[in-house]
4 protein chains.
Amino acid sequence: MLSFLSDYTEGAHPEVLQHLMDRNLVTLPGYGFDEDTDEAKRKINAACGRDDLQIWFLTGGTQTNMFVISTTLRDCEGVISADTGHVCGHEAGAIEHSGHKVLTVPNEEGKITVENLDKFMKTFYADESNEHTVQPGMVYISHPTEYGTLYSKAELTALSEACRKYGLPLYMDGARMGYGLMSPKADLDLHDICELVDMFYIGGTKVGALCGEALIFTKQNMPRNFLALVKQRGGLLAKMRVVSQQFDALFTNDLYFRLSQHAIDMAMLLKEKVLSKGYKLHMNSYTNQQFVVVSRQKLEELRENVRFNVWEWLDDDTAAIRFATSWATTRESIEELEKLL
Amino acid sequence: MLSFLSDYTEGAHPEVLQHLMDRNLVTLPGYGFDEDTDEAKRKINAACGRDDLQIWFLTGGTQTNMFVISTTLRDCEGVISADTGHVCGHEAGAIEHSGHKVLTVPNEEGKITVENLDKFMKTFYADESNEHTVQPGMVYISHPTEYGTLYSKAELTALSEACRKYGLPLYMDGARMGYGLMSPKADLDLHDICELVDMFYIGGTKVGALCGEALIFTKQNMPRNFLALVKQRGGLLAKMRVVSQQFDALFTNDLYFRLSQHAIDMAMLLKEKVLSKGYKLHMNSYTNQQFVVVSRQKLEELRENVRFNVWEWLDDDTAAIRFATSWATTRESIEELEKLL
Amino acid sequence: MLSFLSDYTEGAHPEVLQHLMDRNLVTLPGYGFDEDTDEAKRKINAACGRDDLQIWFLTGGTQTNMFVISTTLRDCEGVISADTGHVCGHEAGAIEHSGHKVLTVPNEEGKITVENLDKFMKTFYADESNEHTVQPGMVYISHPTEYGTLYSKAELTALSEACRKYGLPLYMDGARMGYGLMSPKADLDLHDICELVDMFYIGGTKVGALCGEALIFTKQNMPRNFLALVKQRGGLLAKMRVVSQQFDALFTNDLYFRLSQHAIDMAMLLKEKVLSKGYKLHMNSYTNQQFVVVSRQKLEELRENVRFNVWEWLDDDTAAIRFATSWATTRESIEELEKLL
Amino acid sequence: MLSFLSDYTEGAHPEVLQHLMDRNLVTLPGYGFDEDTDEAKRKINAACGRDDLQIWFLTGGTQTNMFVISTTLRDCEGVISADTGHVCGHEAGAIEHSGHKVLTVPNEEGKITVENLDKFMKTFYADESNEHTVQPGMVYISHPTEYGTLYSKAELTALSEACRKYGLPLYMDGARMGYGLMSPKADLDLHDICELVDMFYIGGTKVGALCGEALIFTKQNMPRNFLALVKQRGGLLAKMRVVSQQFDALFTNDLYFRLSQHAIDMAMLLKEKVLSKGYKLHMNSYTNQQFVVVSRQKLEELRENVRFNVWEWLDDDTAAIRFATSWATTRESIEELEKLL
């Protein structure tokens with residue numbers, strides 16, 4: 001069975017696993033107070049051209065989103081997201097469970113535009129009784145977006161400036177950050193992102209790690225007592241080394257970028273095959289997720305040999321399906337897929 | 001200054017206050033274990049043609065909505081509301097603060113239609129990964145709606161059946177219930193409502209009481225340990241008598257209905273005046289809230305002499321404003337308003 | 001049936017009710033933006049010898065405690081209370097429901113001493129892994145305490161200084177404040193309290209009001225967006241006037257103090273009778289709650305004619321029972337009780 | 001530097017890591033719907049002599065405790081724990097953050113006895129106003145306890161029966177389960193535990209895994225929609241395989257028991273050395289944690305060469321310190337420690 005189900009269907013990139021083995025017997029203190037965690041932080045700082053980033057290692061994307069949002073917002077505040085944002089619909093209500101409303105603005109190709117943010121804020125300010133509504137408290141975006149699209153540097157700069165004007169911290173979900181950075185359309189690097197957003201995370205789970213995300217605060221804005229805040233939410237790892245050693249490996253010899261590049265190369269090849277077969281794309285994605293429009297019949301037929309996600313039913317007979325590539329995707333598997341299309 | 005700001009701008013109807021005085025010196029136990037609370041429950045049961053309703057007295061609408069929703073839903077569930085529902089935007093995120101997402105369906109004149117509910121549920125069931133989304137757990141409606149519109153008996157019956165089919169308890173916010181019951185378009189009475197919904201409340205704050213709402217469970221479905229659940233949310237009144245005595249008065253000699261009728265009469269008179277002056281209505285409301293379209297200039301001019309709410313800016317120069325009537329509204333005040341329009 | 005069950009078994013002091021009637025038909029805006037609420041705030045400020053107190057009106061003691069604690073503490077912080085404190089055991093877990101641990105220190109006659117607070121803080125600081133425990137975030141006391149005892153000025157001054165040293169806001173629960181202020185042992189007035197604590201409330205429900213508490217921030221330390229924070233917790237009154245008008249009455253012509261004095265006079269008379277009959281006191285209270293030691297047999301016998309609370313079983317056969325007096329307690333009722341003792 | 005700081009200061013037992021490598025490139029679906037997770041569940045069931053246990057894999061102990069408690073309790077309920085229980089003081093308020101009070105009973109050598117539970121419940125039932133207190137909703141114990149002590153089969157049977165009588169689910173924290181099972185004083189095996197408790201977890205983090213705990217429901221009592229409940233609390237692993245593969249390894253060829261046995265052997269050797277040097281034990285532990293009484297001077301001296309935990313200051317000059325052993329502890333390290341003692 002071919003699988004383009006997701007970018008988390010294998011274990012870790014072999015170099016990551018090797019590094020875990022190499023460091024396995026070293027005795028280290030727990031909870032992140034260890035030299036390997038320090039080393040991973042140094043390497044991530046270096047990759048960002050910084051030395052003052054505050055970094056914390058967590059185990060998953062929903063966890064990271066919920067923790068950063070619920071420790072940044074005040075009780076009466078909500079987080080602004082595009083209506084297609086991951087925090088809106090795909091996290092089992094984790095944000096609301098933490099007590100906060102997700103305030104939505106219409107997306108443009110999965111993104112928040114300054115225009116739509118301005119419209120939202122204008123309506124908020126125009127409402128004379130907005131003391132009775134949820135106060136906008138921060139902005140959530142992801143890069144790439146749910147639809148694999150990317151912010152340009154100009155777009156992110158404009159959004160960042162708008163957020164500063166409104167006093168809203170800007171948070172970027174980087175579950176698939178690597179694929180955004182290595183896309184042929186990439187216009188933003190980690191240096192830019194550190195400048196333009198207040199916090200973001202570099203995803204490991206979907207980009208070569210067994211598990212783990214590196215949450216980064218760019219403006220010395222990590223909430224006080226973050227260890228306790230993380231612990232009481234159930235996310236503090238006794239062996240934080242397990243995640244930080246993986247990030248150490250990922251940020252050694254550009255592994256994070258190299259394996260992302262491979263996934264992108266495979267995705268572009270897949271896209272080429274799909275288009276050459278006459279299929280339409282639901283979104284013109286330049287990252288590792290490709291959204292293809294197929295008939296119900298074709299969908300059923302493909303399912304016999306391929307694993308993929310049904311993203312959205314466009315009508316009763318037509319669906320957008322998602323193929324995802326990763327560091328583990330082979331050229332052969334794409335050629336096999338081509339035959340089945 | 002004329003005021004059509006809201007239906008809670010005076011104290012209580014004089015008969016309500018008189019009853020508080022009459023019972024003031026009677027020694028009664030606290031927390032609702034008193035004969036006056038029993039008496040109020042009996043009278044509300046009688047008005048509904050029932051004797052088995054479970055009733056609790058609270059102090060406000062947001063409180064009641066939040067308590068009933070958060071004690072009915074399981075953690076992973078959300079409440080379905082029309083996108084114009086009061087719980088969506090006007091309660092400072094109280095529902096989310098209690099841990100639950102408000103799931104929205106498009107409104108039709110402020111109402112949830114079976115068609116829109118079906119569409120929502122169909123999408124939910126069609127989503128193969130809906131274990132990762134918020135589970136629909138109950139349906140919230142209000143009667144009258146935020147726009148003063150009403151459910152017909154046929155509409156509520158159909159919605160009730162759909163909810164039963166989906167296993168979703170149906171909850172009706174009755175902050176302004178009296179005005180719905182006494183509207184010239186009223187097609188539902190308390191008997192019907194008790195049959196068709198699983199829980200609802202009869203609003204006192206906006207219908208003649210100093211404060212207070214009567215929360216009613218119609219199917220022996222009051223959550224276990226409700227006293228403790230209410231207390232830990234900060235809503236248990238030591239002197240529950242203060243609210244229950246008011247409801248006793250409101251349900252003696254049909255006071256609740258009589259004072260609602262007066263507000264409706266005044267609203268219909270106001271509507272007549274507004275229309276005769278050539279204004280357009282934003283919504284054709286048959287209840288105590290009238291939504292009138294005015295220019296920005298007229299709005300500013302009126303503000304010098306009248307208190308009202310700006311409901312919505314329709315464009316930069318035009319707004320829908322709201323006039324609300326109550327038991328305390330006088331014919332003279334409407335005639336004065338007429339002159340100012 | 002005689003009743004010494006509590007101080008909330010009647011309605012309101014007649015002057016309070018009269019003021020509600022006098023202001024009943026005045027049209028006022030909602031949510032506290034009205035002149036009567038302003039007037040009540042002015043009068044409370046005056047009674048405290050201040051003009052800069054920030055005041056909010058709520059409906060009950062558990063609500064007030066939970067709101068002030070949950071809006072003051074950060075997520076990782078807990079509130080320190082005496083182990084006999086009301087927030088520890090008698091509020092159905094309201095503080096924990098809001099997400100915060102109640103950290104306990106042993107009481108001395110219901111009070112927190114500086115010595116016990118110091119011991120607690122010393123242990124906290126000595127714990128090398130206290131990042132993994134709840135951070136002490138504020139101190140809760142009540143005056144009078146659960147046992148009717150009182151802080152002296154020296155005690156409160158010392159505690160206040162200790163709290164400042166530790167950076168812990170000091171909050172005083174004043175559900176029965178009036179009885180503390182008018183006790184023959186009273187050593188603290190409202191001026192002192194405003195100086196020495198960071199927030200406190202003046203209880204209305206148990207001191208002559210239908211319902212309502214005045215929450216006071218003494219150091220310009222009301223949390224930002226307090227209206228929204230209160231609303232999302234379900235405690236915002238549309239007709240805040242209902243509570244503020246009552247406080248206006250209570251702080252007109254010293255009513256609050258006069259009616260408290262009456263309750264104290266009755267309690268001292270009751271105490272005298274109890275002692276003259278040879279009963280022992282469980283605590284030597286100088287406020288409106290008297291705790292008397294009785295045998296099980298006597299307890300059962302009294303119950304036939306008197307309502308009171310069983311406070312604590314001291315052994316299988318002996319209990320401490322509580323008699324509470326109020327503005328509504330008559331000399332005759334105490335004489336009748338005397339006969340039954 | 002010698003380290004007896006904890007049992008989580010190395011990576012994973014090499015056989016565990018090897019299994020992760022062996023399965024690394026196998027393509028598997030996410031979120032636990034994979035064959036490796038099924039296999040791990042089968043092996044744990046087999047080790048317990050069962051085939052109907054419901055099992056979920058999580059990443060840490062605080063997380064597991066908080067999730068099981070907060071998904072089992074109703075809002076108004078609290079969890080009963082010994083006053084020395086891990087959930088009381090060492091989890092940064094995670095239980096309270098989830099909305100629930102930890103109700104404490106005095107411990108006997110770290111354990112809850114039936115006598116103390118009975119006393120607690122008797123007081124609860126005797127309280128006439130216990131509707132206003134937190135309802136006891138479940139019982140939390142750990143095995144071994146915080147002090148390394150163990151429940152005997154007779155003790156756990158009696159406690160289990162008492163819990164059933166009171167309708168309280170019994171939950172066992174097994175962070176260090178292996179060390180309890182392989183102790184020379186072990187009187188309980190996994191079969192017994194499955195019979196006697198309603199849910200428990202088998203700890204991996206402290207017993208040879210990189211990270212991970214296996215949460216087990218023994219009575220078909222896993223809360224409905226557990227996936228969503230876990231996800232909204234931030235604990236759902238996209239690659240659940242990472243944890244389940246480790247448990248597969250741990251329950252292959254008795255690895256879990258063998259590595260626990262090694263830690264116990266080392267602990268018993270350490271204890272022998274300590275006693276032979278004339279030190280006193282703070283608790284006579286038969287598991288992998290040894291609590292030794294030392295002077296402040298000795299403590300400071302040891303610190304120069306050994307890592308350990310200060311458990312408790314017994315007086316200003318004397319502390320109980322903890323040495324923990326694990327699968328990675330060597331005989332040489334204990335001999336070196338002996339020289340330093």
Side-chain angles (χ1 to χ4, degrees), chain A residues 1-3 5-14 17-18 20-21 23-30 34 58-67 90-98 205-206 209-211 225 227-239 241-243 245 307 328, chain D residues 1-3 5-14 17-18 20-21 23-30 34 58-67 90-98 205-206 209-211 225 227-239 241-243 245 307 328:
Chain A
M1 180 76 88
L2 282 178
S3 177
L5 194 58
S6 194
D7 26 28
Y8 46 80
T9 53
E10 281 79 26
H13 189 279
L17 212 41
Q18 187 57 48
L20 282 181
M21 296 205 76
R23 300 292 298 168
N24 191 46
L25 294 182
V26 182
T27 299
L28 294 173
D34 64 281
L58 295 167
T59 55
T62 298
Q63 183 180 82
T64 305
N65 287 337
M66 188 260 276
F67 286 12
H90 296 282
E91 293 189 328
I95 308 308
E96 291 83 3
H97 184 65
S98 82
T205 302
K206 293 172 178 167
L210 287 175
C211 66
N225 299 101
L227 184 149
L229 296 172
V230 166
K231 183 164 186 129
Q232 72 173 187
R233 283 159 176 78
L236 182 63
L237 289 166
K239 298 185 191 172
R241 63 190 280 163
V242 173
V243 175
Q245 285 166 359
R307 286 209 188 93
Chain D
M1 180 78 90
L2 282 178
S3 176
L5 192 61
S6 193
D7 27 27
Y8 46 78
T9 52
E10 280 79 26
H13 189 279
L17 211 41
Q18 186 58 48
L20 282 181
M21 295 207 76
R23 300 293 297 168
N24 191 46
L25 294 182
V26 182
T27 299
L28 294 172
D34 63 281
L58 295 167
T59 53
T62 298
Q63 183 181 81
T64 306
N65 288 336
M66 187 260 275
F67 286 12
H90 296 283
E91 293 189 329
I95 308 308
E96 292 83 3
H97 184 65
S98 83
T205 303
K206 292 171 178 168
L210 287 177
C211 66
N225 299 101
L227 185 147
L229 295 172
V230 166
K231 184 166 184 125
Q232 71 174 188
R233 285 160 174 77
L236 183 63
L237 289 165
K239 297 185 190 172
R241 63 189 283 164
V242 172
V243 175
Q245 286 166 357
R307 285 210 189 91

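Here is how names work: the chains are called A, B, and so on, in the same order as the sequence lines, proteins then strands, and each is numbered from 1.
Of the listed residues (D:His97, D:Gln63, D:Glu96), the greatest number of heavy-atom pairs within a distance under 4.5 Å of chain A belongs to D:His97. Note on A:Leu17, A:Thr62, A:Asn65: by heavy-atom pairs under 4.5 Å with chain D, the leading option is A:Leu17. Between chain A and the options D:Asn225, D:Val242, D:Leu58, the largest number of non-hydrogen pairs under 4.5 Å is found for D:Val242. By number of non-hydrogen pairs under 4.5 angstrom with chain A, the leading residue of D:Ala12, D:Gly93, D:Gly61 is D:Ala12.
Distance CG/A:Asn24 to CZ/A:Arg241: 6.5 Å, rounded to 0.5 Å. If you take CG on D:Leu210 and CD on A:Gln245, they are separated by 8.5 Å, rounding to the nearest 0.5 Å. In this structure, CG in D:Leu28 is found 8.0 Å from OG1 in A:Thr9, a value given to the nearest 0.5 Å.
The contact between D:Val26 and chain A is made entirely by backbone atoms, counting heavy-atom distances below 4.5 Å. For chain A, the nearby part of D:Leu5 is the side chain; its heavy atoms alone come within less than 4.5 Å. Interface residue D:Thr205: backbone and side-chain heavy atoms are both found under 4.5 Å from chain A. Proximity to chain A is absent for every atom of D:Ile95, based on heavy atoms less than 4.5 angstrom apart. Proximity to chain A (any heavy atom under 4.5 Å) is restricted, for D:Leu237, to the side chain, taken from C-beta onward. With a threshold of 4.5 angstrom between heavy atoms, A:Leu20 approaches chain D through its backbone and through its side chain. Looking at D:Met21, both its backbone and its side chain come within 4.5 Å of chain A, counting heavy atoms on both sides. Residue contact with chain A, scored on non-hydrogen atoms closer than 4.5 Å, involves the backbone and the side chain of D:Ala238 alike.
For the residue pair D:Ser3 and A:Thr27, the shortest heavy atom distance occurs at CB-CG2, 3.5 Å. Across every non-hydrogen atom of A:Leu25 and D:Glu10, the tightest pair is O-CG, 3.8 Å.
D:Phe67 meets the ring-ring contact (aromatic ring centres under 6.0 Å, His included) test with no other residue; sequence neighbours excluded.
Within the 3.5 Å criterion, the main-chain N or O of D:Ala94 finds no donor-acceptor partner in the side chain of A:Lys231.
With A:Arg233 as reference, A:Leu229 is the one residue of A:Val230, A:Leu229, A:Leu236 to meet the side-chain contact (heavy atoms from CB on, under 4.5 Å) rule.
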